[in-house]
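Read the numbers this way: they start at 1 and go in the same order the structure lists the ligands and their atoms. Note: hydrogens, waters and symmetry copies are ignored here, and every other heavy atom, side chains too, is used. For this chain, numbers begin at 1 and follow the sequence in order.
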Amino acid sequence: MKKQAWQTALADLITDPQELWQLLDLDKELLAGAIEATKQFPLKAPRNFVTRMQKGNAQDPLLLQVLPHGLELNQVPGYSNDPLAEIDVNPVPGLLHKYQGRVLVTLTSACAVHCRYCFRRHFPYTDNNPGSRGWEKIMAYIEADTSISEVILSGGDPLTVNDRVLHAFSAALANISHLKRLRIHSRLPVVLPERITDEFVGWLRALQLETVIVIHANHPNEINDAVRSAILKLRHADIMLLNQSVLLKSVNDNVAVLKELSESLFAIGVLPYYLHVLDKVDGAAHFDISRDRAKQLAEELRKQLPGYLVPRLVCEEAGAESKHDV
Ligand SMILES: *Cc1c(COP(=O)(O)O)cnc(C)c1O
Ligand code: SF4
């Protein structure tokens, strides 16, 4: 079958540090460390996303999110490979059941972008990829537990799979009568907005479940015209749209930036949901800011914005029954 434009874009990510350095005219001194860092967690950045970065600026807030850095190789006390102990809440491959009433399903380990701060950067996805045969077990698990009312498709990025797989998955879900909602956590509407095709929107419209899409933007510069039109298409399909962000040093640890992010999201019809503090995953320590500083930022946001534009500042703790306010 002919590839769709989004699939071509997904197959044509920037993965070679040298190419990123050339495109953005970056300081060669950082290249050797970057190449080392990609051995642990490869570079992946969609071309359209990279066009939103400023040339020659190694501190660009979008670049920092995807830029492999020698600092990632430092071992820092308090950081680990699986900070949320997700391996313990993984009853069947591809399914995490951590909180009451909702389960998280990973259809794929692939993402269109590799966010250097990602808490799943070391997750053993290759052992945890359900494949379509594994779906039977997932469906059986959900079917057997009538307390589950929501299925969350999460990362990897569920929208990197093709529409045929999404159709098959939702068709299997449709047989489970106690399900009310399907939630999709995806960075694609932001980093690869080409993904939001008419066919995809058609699938959403036809779903028999209430549908929520939680996008992931950390900085207002991420929202360009392509993102705006992708979101508009989703809104026309009556999809509830929320955003989650991660609080990241030098990217968005700043009241003006967070405020502008909320306002830019609202302008395209997306409400802020969570602002996560960084999970202490190996390789991400250079993004950390103190809890006190995080609380200060949240407090300042509450002063400057209407309540509905203030995301909840939350952290995750292994074994906890929900995400916690910080
Ligand atoms: C974050 C998360 C959820 C969703 O939590 P909400 O507070 O409902 O957004 C569900 N399952 C897992 C495993 C999660 O990490
Ligand atoms: S898109 Fe999400 S799951 Fe994928 S690397 Fe980024 S934060 Fe992690």
Side-chain angles (χ1 to χ4, degrees), residues 10 13 15 38 40-46 49 62 64-68 72 82-92 94-123 125 128 141-142 145 147-161 180-192 195 212-219 222 240 242-248 251 271-279 281 283-284 287 311-325:
L10 189 60
L13 302 175
T15 55
T38 55
Q40 267 197 6
F41 189 49
L43 165 68
K44 273 192 183 185
F49 190 65
L62 275 51
L64 289 177
Q65 298 177 48
V66 301
L67 187 73
E72 293 174 30
D82 180 21
L84 305 178
E86 290 204 318
I87 290 175
D88 299 341
V89 289
N90 191 198
V92 292
L95 182 141
L96 294 174
H97 193 181
K98 200 147 89 171
Y99 305 143
Q100 279 176 36
R102 49 231 200 266
V103 291
L104 193 146
V105 173
T106 54
L107 287 183
T108 172
S109 56
C111 289
V113 59
H114 275 174
C115 313
R116 307 312 294 180
Y117 52 85
C118 181
F119 72 102
R120 294 213 171 96
R121 54 182 281 163
H122 305 284
F123 200 66
Y125 279 118
N128 205 34
Y141 182 90
I142 300 170
D145 184 343
S147 73
I148 299 169
S149 59
E150 178 170 11
V151 170
I152 304 168
L153 292 179
S154 182
D157 198 307
L159 296 192
T160 58
V161 306
K180 289 201 186 85
R181 276 185 306 281
L182 180 69
R183 187 191 325 177
I184 300 172
H185 283 179
S186 175
R187 242 200 134 170
L188 262 70
V190 174
V191 300
L192 204 129
R195 175 65 183 97
V212 189
I213 296 184
V214 185
I215 65 169
H216 173 174
N218 298 315
H219 191 284
E222 287 169 54
M240 172 68 72
L242 304 172
N243 179 63
Q244 53 184 346
S245 313
V246 182
L247 194 51
L248 300 165
V251 173
L271 284 177
Y273 180 40
Y274 283 148
L275 176 60
H276 295 267
V277 300
L278 185 75
D279 295 307
V281 63
F287 288 112
R312 259 182 71 196
L313 180 69
V314 291
C315 67
E316 260 187 90
E317 223 176 274
E321 286 180 80
S322 71
K323 300 188 204 303
H324 279 269
D325 289 311

- Query: Which is closest to atom 8 (Fe) of ligand 2 by heavy-atom distance: Cys118, Ala112, Ser109?
  - Reply: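 It is Cys118 whose heavy atom sits nearest to atom 8 (Fe) of ligand 2.
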- Query: Does ligand 1 have a heavy atom under 4.0 Å from the side chain of Ile152, from its backbone, from both, or from neither?
  - Reply: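 Looking at Ile152 and ligand 1, just side chain atoms fall under 4.0 Å.
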- Query: Just heavy atoms, cut-off under 4.0 Å: does His97 contact ligand 1 by side chain, backbone, both, or neither?
  - Reply: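 No part of His97 is near ligand 1 at this cut-off.
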- Message: I'd like to know whether His97 forms a side chain to side chain contact (heavy atoms under 4.5 Å, CB included) with Asp145, so could you lay out the CA-CA distance, the side-chain angles of the two residues, the decisive distance to 0.1 Å, and finally the verdict.
- Response: CA-CA 11 Å; His97 193 181; Asp145 184 343; 3.4 Å; yes
- Task: Give the C-alpha distance, both sets of side-chain angles, the deciding distance and a yes or no for side chain to side chain contact (heavy atoms under 4.5 Å, CB included) between Val214 and Tyr274.
- Result: CA-CA 10 Å; Val214 185; Tyr274 283 148; over 6 Å; no
- Task: Heavy-atom distances under 4.0 Å are what count here, so tell me which part of Arg121 touches ligand 2: side chain, backbone, both or neither.
- Result: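 Answer for Arg121: neither.
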- Message: Can you tell me which portion of Cys111 lies within the under-4.0 Å heavy-atom range of ligand 2? Options are side chain, backbone, both, or neither.
- Response: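 The part of Cys111 near ligand 2 is the side chain, not the backbone.
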- Task: Please answer whether the main-chain N or O of Leu13 pairs with a side-chain N or O of Lys44 as donor and acceptor at a distance below 3.5 Å.
- Result: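 Checking the backbone N and O of Leu13 against the side chain of Lys44, no donor-acceptor pair under 3.5 Å is found.
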- Under 3.5 Å, is there a donor-acceptor pair between the side chain of Asp157 and the main chain of Ala112?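 It does not hold such a pair.
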- salt_bridge(Arg181, Glu150) N-O dist < 4.0 Å: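 Yes, charged N to carboxylate O under 4.0 Å.
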- Message: Taking only non-hydrogen atoms of Glu316, do any sit less than 4.0 angstrom from ligand 1?
- Response: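 Under 4.0 Å: yes for Glu316.
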- Does Arg183 reach ligand 1, in the sense of a heavy atom lying below 4.0 Å from it?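 Right, Arg183 reaches ligand 1.
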- Query: What atoms in ligand 2 come closer than 4.0 Å to a heavy atom of His216?
  - Reply: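 Near His216, the atoms of ligand 2 are 7 (S).
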- Looking only at distance, does Tyr273 have an N or O less than 3.5 Å from an N or O of ligand 1?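 Yes, there is a polar N/O contact under 3.5 Å.
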- Item | Sequence-distant partners of His114, ring-ring contact (aromatic ring centres under 6.0 Å, His included), two or more places apart |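 ring-ring contact (aromatic ring centres under 6.0 Å, His included) check on His114 returns Phe41.
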- Atom indices of ligand 1 within 4.0 angstrom of Lys98 heavy atoms, with elements: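 Close to Lys98: 13 (C), 15 (O).
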- Task: Considering non-hydrogen atoms only, spot the tightest contact between Leu192 and Pro46 and give its length.
- Result: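 Residues Leu192 and Pro46, closest heavy atoms: CD1-CB, 3.9 Å.
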To check your reading of the model: name the closest protein heavy atom to [atom], its residue, and the distance in Å.
atom: atom 15 (O) of ligand 1; result: Lys323 NZ, 3.1 Å
atom: atom 12 (C) of ligand 1; result: Leu104 CD1, 3.4 Å
atom: atom 7 (O) of ligand 1; result: Tyr274 OH, 2.6 Å

- Between Lys98, His324, His276, which is the residue that forms a side chain to side chain donor-acceptor pair (under 3.5 Å) with Glu316?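 Considering Lys98, His324, His276, a side chain to side chain donor-acceptor pair (under 3.5 Å) with Glu316 is found only for Lys98.
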- Item | Stepwise side chain to side chain contact (heavy atoms under 4.5 Å, CB included) test for Ile213 and Leu242 | CA-CA 6 Å; Ile213 296 184; Leu242 304 172; over 6 Å; no
